[in-house]
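Written below as structure tokens is the structure these notes are about.
The figures here come from the full heavy-atom set of this structure, side chains too, leaving out hydrogens, waters and symmetry mates. Proteins get letters first, then strands, A, B, ... in listed order; numbering begins at 1 in each.
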Protein chains: 4
Amino acid sequence: MGRTGPHRDPELTAKILASTHELICTKGPRAVTINEIAAHAGVGKQTIYRWWPTKASVVIDALEQQFASDNPFPTTGSAKDDLRAQMRAVARTFSSPTGSMIRELVAQSQGDPALADDLRTRFVAERRSGGATALRAGIDHGQIRADLDIEIALDLLYAPLWMRMLLGHQPLDEPSVDAIVDQVWPALAA
Amino acid sequence: MGRTGPHRDPELTAKILASTHELICTKGPRAVTINEIAAHAGVGKQTIYRWWPTKASVVIDALEQQFASDNPFPTTGSAKDDLRAQMRAVARTFSSPTGSMIRELVAQSQGDPALADDLRTRFVAERRSGGATALRAGIDHGQIRADLDIEIALDLLYAPLWMRMLLGHQPLDEPSVDAIVDQVWPALAA
Amino acid sequence: MGRTGPHRDPELTAKILASTHELICTKGPRAVTINEIAAHAGVGKQTIYRWWPTKASVVIDALEQQFASDNPFPTTGSAKDDLRAQMRAVARTFSSPTGSMIRELVAQSQGDPALADDLRTRFVAERRSGGATALRAGIDHGQIRADLDIEIALDLLYAPLWMRMLLGHQPLDEPSVDAIVDQVWPALAA
Amino acid sequence: MGRTGPHRDPELTAKILASTHELICTKGPRAVTINEIAAHAGVGKQTIYRWWPTKASVVIDALEQQFASDNPFPTTGSAKDDLRAQMRAVARTFSSPTGSMIRELVAQSQGDPALADDLRTRFVAERRSGGATALRAGIDHGQIRADLDIEIALDLLYAPLWMRMLLGHQPLDEPSVDAIVDQVWPALAA
DNA sequence: CGTTAAGCGAGACGGTACGTCCTGTCTTAAC
DNA sequence: GTTAAGACAGGACGTACCGTCTCGCTTAACG
């Protein structure tokens, strides 16, 4: 029962994801509609709905493609330095156009549990696992105290960045990141 | 040269905000429309649009009114106890239907700068000022170290709660709040 | 319908009717709202609704005031000349801004029987009675045939003018009026 | 080159026009809204606005469709008989629910030049051309005088019917039509 | 090498909510 | 006490976007 006919065109997928990314960066997350994405990609609307169940899932794919290239987790031997470097990279991403896509996804995921799950599984968990590894390494090297609850520690480090991206109540630049790390460090250090 | 003619009817304002809150709690934030709010409040649609520029600003007012009744900041003399009590209350609110309203507002505010500003000014800043006061009292009483950056400290305490509400990657119950406080405390204590 | 009882302030009445006339002439019959009339007259809306039941009745009063000054029915002794002169005057009025008011009234009266009745009684009948008198005089003078049905004759003379005003399918100038009179005359002449 | 994709669905057009006609006949021309037409036709509102610029243009199409089925112009050889028969049919239509549609259109066309033009071109002119043909045939057969101005003659015959429909100042029944024809005939006869 | 099922651009479709506008009534504050 | 200013309930309007569906064309795997 082999299917006949043409299959999914990878070139189209790329065009759609690229258009999604470009439009969100250009016009803001809210202003982008499926119609616009389709038109900008020179693609029929159905071609999008054939492969993605909803607009948010297009955005999440576009985000993943974009994010894959960034943020190789550094390993210098110093847990604090590694975490700071990684947090700087995250802050940079959060401030960049790619951050707009993340914000859009978080927005959409409120009231769309499936998307929320996707976002947690495919994006948040991914980022956190890197941090968790660094923390565990720090524990092994005696730089971080052994009784640390890793999940809470990750929240202490990353949640301020998320909150600043989503609410904008405080800056999200490099000095701020460093200040956060410095201030929270006594709670983590061995 | 004072205005003549009728003024804004405070009773109507109350009815509209109450209807907004009730409908959002009943049907979820996404399913509520201006038409429904108007119908449920027994009010013409124009009466809403006369005083609020958009649906989101109605929700933010409803939220403020609702939140105002909760969370009178406690003052027992122990900064840690006060902060923990306040954070427990916040976590409780974040988990309640009122939390749905906040999530919806954060969602809408991504890509609506005016709303984002409103949300920051009229809601977030309000909450933070209470925490800031408690932190300063703790410094005065020698319970908290004097060189603390208060804004960062507030992020360390509250951002995990916000992030857990918005992403749901970790629980938001009382034990979790206590664990966060305990874990972060070495970074704040004198 | 129309007015109920004497107006308290005749100056206000005049301001309202004048504003109505001016606005209809300026912006076209359709674009004028009660709000605009009130604002332009420097008058509260209620002051209008106190004396007139609906917008149309304001317009009909404004029209009557305007029309009263025009069209004194001429009497030269020649029925044909008198009718032609009167029809020329009517055509002139129909082509003028005042014609816009009449068109608006006819428009409103479709689907508003009370207004239709008002219009017939206070405006149409008024015009026709002048024509009927002229026709009867012509019969008495032996210029018009005695077995004429006057109502039908009035329609033959005036209906083309009304129809041209309302539909615009043919011109409404002086030569056209003269041509109509000349062409219909054999049906009326003794 | 040739368009691809779906085209205008003629079945929908028919459903919309039929619903329009039925609703106007049932509830009167004034009470009908686009929403109702759409709902009754089982159609999205946008589908109406996609093809017609305004409600009035929907009505005019519905009217044309309705009127087309009536009034095949009769040809018996006697110009007077033919015209009388046609005028009786027009009077009947003017008195019927279809007449309500015409009245509503005339009303709307005051102050909407585009609609007025549509009405003239697609409805009035259509009706008049039939009458003009009959008059010319009468001239050819020596029944009607050769120097007749046909446009004026059409006004003499039909304008009374229009005026009676729009103003209701005189009856619009069969005897009235006959009386009009009889009275005007001396002005037309050879 | 032809058949045939699927992919594709285009865009019409039913539906839902939006925010604006206007009407006719009701309310307030000033003169 | 009358008036202006204008808030109020109600409801139609025309727009925007969603996600589905249909059209006619093109393409690639199977036979």
Side-chain angles (χ1 to χ4, degrees), chain A residues 1-9 11-12 15 30-39 41-55, chain B residues 1-9 11-13 30-39 41-55, chain C residues 8-9 12 30-39 41-50 52-56, chain D residues 1-9 11-13 15 30-39 41-55:
Chain A
M1 57 138 260
R3 22 200 290 251
T4 83
H7 291 187
R8 180 168 186 169
D9 182 342
E11 199 177 322
L12 282 181
K15 266 203 294 182
R30 215 55 185 202
V32 178
T33 70
I34 286 274
N35 275 336
E36 263 178 313
I37 293 173
V43 143
K45 242 196 310 187
Q46 190 56 42
T47 302
I48 297 182
Y49 281 113
R50 186 159 20 240
W51 305 115
W52 291 275
T54 172
K55 185 174 74 162
Chain B
M1 126 136 221
R3 276 204 26 226
T4 88
H7 291 188
R8 181 169 186 167
D9 184 340
E11 200 177 320
L12 282 181
T13 304
R30 234 35 184 236
V32 177
T33 71
I34 287 273
N35 270 337
E36 266 177 313
I37 294 173
V43 142
K45 220 184 338 178
Q46 190 57 46
T47 301
I48 298 181
Y49 281 114
R50 185 160 21 242
W51 304 114
W52 291 275
T54 171
K55 185 174 73 161
Chain C
R8 273 311 165 91
D9 186 342
L12 280 181
R30 217 55 184 199
V32 177
T33 70
I34 285 275
N35 275 338
E36 264 177 313
I37 293 173
V43 143
K45 251 199 302 188
Q46 190 54 42
T47 304
I48 297 181
Y49 280 113
R50 194 171 0 254
W52 291 274
T54 173
K55 186 175 72 162
Chain D
M1 235 322 24
R3 282 208 15 231
T4 87
H7 294 188
R8 181 170 186 169
D9 184 340
E11 201 177 319
L12 282 181
T13 304
K15 267 203 292 182
R30 233 33 184 238
V32 176
T33 71
I34 287 271
N35 269 337
E36 267 178 312
I37 294 174
V43 143
K45 217 182 344 177
Q46 192 57 46
T47 301
I48 298 181
Y49 282 114
R50 185 158 23 240
W51 302 115
W52 291 275
T54 171
K55 184 174 71 162

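- The residue among Ile34(D) and Val32(A) whose nearest nucleotide of DNA chain F is located toward the 5' end is Ile34(D).
- Contact between the side-chain N/O atoms of Arg8(D) and the OP1/OP2 oxygens of dC13(E) is not found at any separation under 4.0 Å.
- When the side-chain nitrogen and oxygen atoms of Thr47(B) are compared with OP1 and OP2 of dA9(F), one or more of them lie within a distance under 4.0 Å.
- Two residues, Asn35(A) and Ala38(B), neighbour DNA chain F, and the one matched to the more 5' nucleotide by heavy-atom proximity is Ala38(B).
- One atom, NE2 of His7(D), and another, C1' of dG11(E), lie 9 Å apart when rounded to the nearest Å.
- Phosphate contact (OP1/OP2 of dC8(F), side-chain N/O of Trp51(B), threshold under 4.0 Å): present.
- If you measure from atom CZ of Arg50(C) to atom C1' of dT27(E), you get 13 Å, rounded to the nearest angstrom.
- The phosphate of dC13(F) has OP1 or OP2 within less than 4.0 Å of a side-chain N or O from Lys55(D).
- Taking only side-chain atoms of Leu12(B), from C-beta outward, the nucleotide of dA9(F), dG19(E), dA4(F) with the closest atom is dA9(F).
- Remark: P of dG19(E) and CD1 of Ile37(B) are 11 Å apart, rounded to the nearest angstrom.
- Summarising the geometry of Lys55(C) relative to Val32(C), their closest heavy-atom pair is NZ-O, 2.9 Å, with the distance given to 0.1 Å.
- Comparing Glu36(B) and Gly42(D) by the nucleotide of DNA chain E that holds the closest heavy atom to each, the one mapping nearer the 5' end is Gly42(D).
- With rounding to the nearest 0.5 Å, the separation of OG1 in Thr54(C) from CD1 in Ile48(C) is 11.0 Å.
- From Trp51(A), atom CH2 reaches atom CG of Asp9(A) across 9.5 Å, with rounding to the nearest 0.5 Å.
- The CD1-P distance, from Ile48(A) to dC17(F), rounds to 14 Å in whole Å.
- Rounded to whole Å, atom P of dC8(E) lies 10 Å from atom NZ of Lys15(A).
- Checking the phosphate oxygens (OP1, OP2) of dT25(E), no side-chain nitrogen or oxygen of Tyr49(C) falls inside 4.0 Å.
- Nearest approach of Ala41(A) to Lys15(A), heavy atoms of both residues: O-NZ, 3.6 Å.
- Contact of Gln46(C) with dC26(E) (side chain to base): a donor-acceptor pair of N or O atoms is detected under 3.5 Å.
- One interatomic measurement links the two molecules: CD of Glu11(B) to P of dA9(F), which rounds to 11 Å at whole-angstrom precision.
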**Request:** Please assess Thr47(B) against Arg50(B) for the test side-chain contact (heavy atoms from CB on, under 4.5 Å), listing each intermediate value before the final yes or no.
**Result:** CA-CA 5 Å; Thr47(B) 301; Arg50(B) 185 160 21 242; 3.6 Å; yes
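- For a distance-only test at 3.5 Å, the side chain of Lys45(C) qualifies as a donor-acceptor partner of the base of dG24(E).
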